[in-house]
Amino acid sequence: GIQVEQSPPDLILQEGANSTLRCNFSDSVNNLQWFHQNPWGQLINLFYIPSGTKQNGRLSATTVATERYSLLYISSSQTTDSGVYFCAVKAGGFKTIFGAGTRLFVKA
Amino acid sequence: NAGVTQTPKFQVLKTGQSMTLQCAQDMNHEYMSWYRQDPGMGLRLIHYSVGAGITDQGEVPNGYNVSRSTTEDFPLRLLSAAPSQTSVYFCASRGGLANYGYTFGSGTRLTVV
């Protein structure tokens, strides 16, 4: 089946810093989504981005489907950005497969 | 408020017991799914459904059953609980192509002793 790899696995930032999270996938995908899981365990959908670039406030995402990767940019990080960021892909059928996540901690 | 409701939030079972995790959504979403999340790992798909009466297996279906008798409800049954099923379980739903983002429930933390 399709493999989804995220990097880095862990990231510590000083508040105000910028960061880039990466998601690589092993096969062509129909769609890709980014999620944030906050420290209380709640999962929030950030972007549905099968290709191209989208922006929402300080967050933006780019997917290059032909090269099988997606990037999530966080600018001017805040402590509330802490948590785990997951990418998830759908490759045919109806199954959505998650990567292992990037654990982000933003220090005040 | 519209969304995905999971119950219970916490549960402790003894090995061999059975139970049902409930999931309901009020957004008229056709697609619903169950995931489990283990420490330090992503979410792994257990079962999913693309509509009432239609279910299929995900990555880790063994030891779990599902049914989808209505659009709103998608319960997950543990047939004979094992310590390996200790995990946090999430139910999710999404709409069709025009509304593809997932909505997750708040999770059920299950411990099997």
For the ring pair A:Tyr48 and B:Tyr102, is the centre-to-centre distance below 6.0 Å?
no

Locate the shortest heavy-atom distance separating B:Leu43 from A:Phe98; write the atom from each residue and the value.
O-CB, 3.4 Å

Quick one: what part of A:Phe47 sits under 4.5 Å from any heavy atom of chain B, side chain, backbone, both or neither?
neither

For A:Arg22, does the CZ atom have more than 12 heavy-atom neighbours from other residues, nucleotides or ligands under 6.0 Å away?
yes

Taking atom CZ of B:Arg44 as the centre, report whether more than 12 heavy atoms of other residues, nucleotides or ligands fall under 6.0 Å from it.
yes

With a 4.5 angstrom heavy-atom cut-off, could you sort out which part of A:Gln37 is near chain B: side chain, backbone, both or neither?
side chain

Minimum side-chain heavy-atom gap A:Phe86-B:Gln37 below 4.5 Å:
yes

Note: A:Thr96 and B:Tyr35 closest approach over all heavy atoms is O-OH, 3.0 Å

Take atom CD in A:Gln55; do more than 12 heavy atoms of anything else shown fall under 6.0 Å from it?
yes

Do you reckon B:Tyr31 sits in the same ILVMFWY cluster as B:Phe104, going by side-chain contacts under 4.5 Å, direct or chained?
yes

A:Ile12, CD1 atom: more than 12 neighbouring heavy atoms under 6.0 Å
no

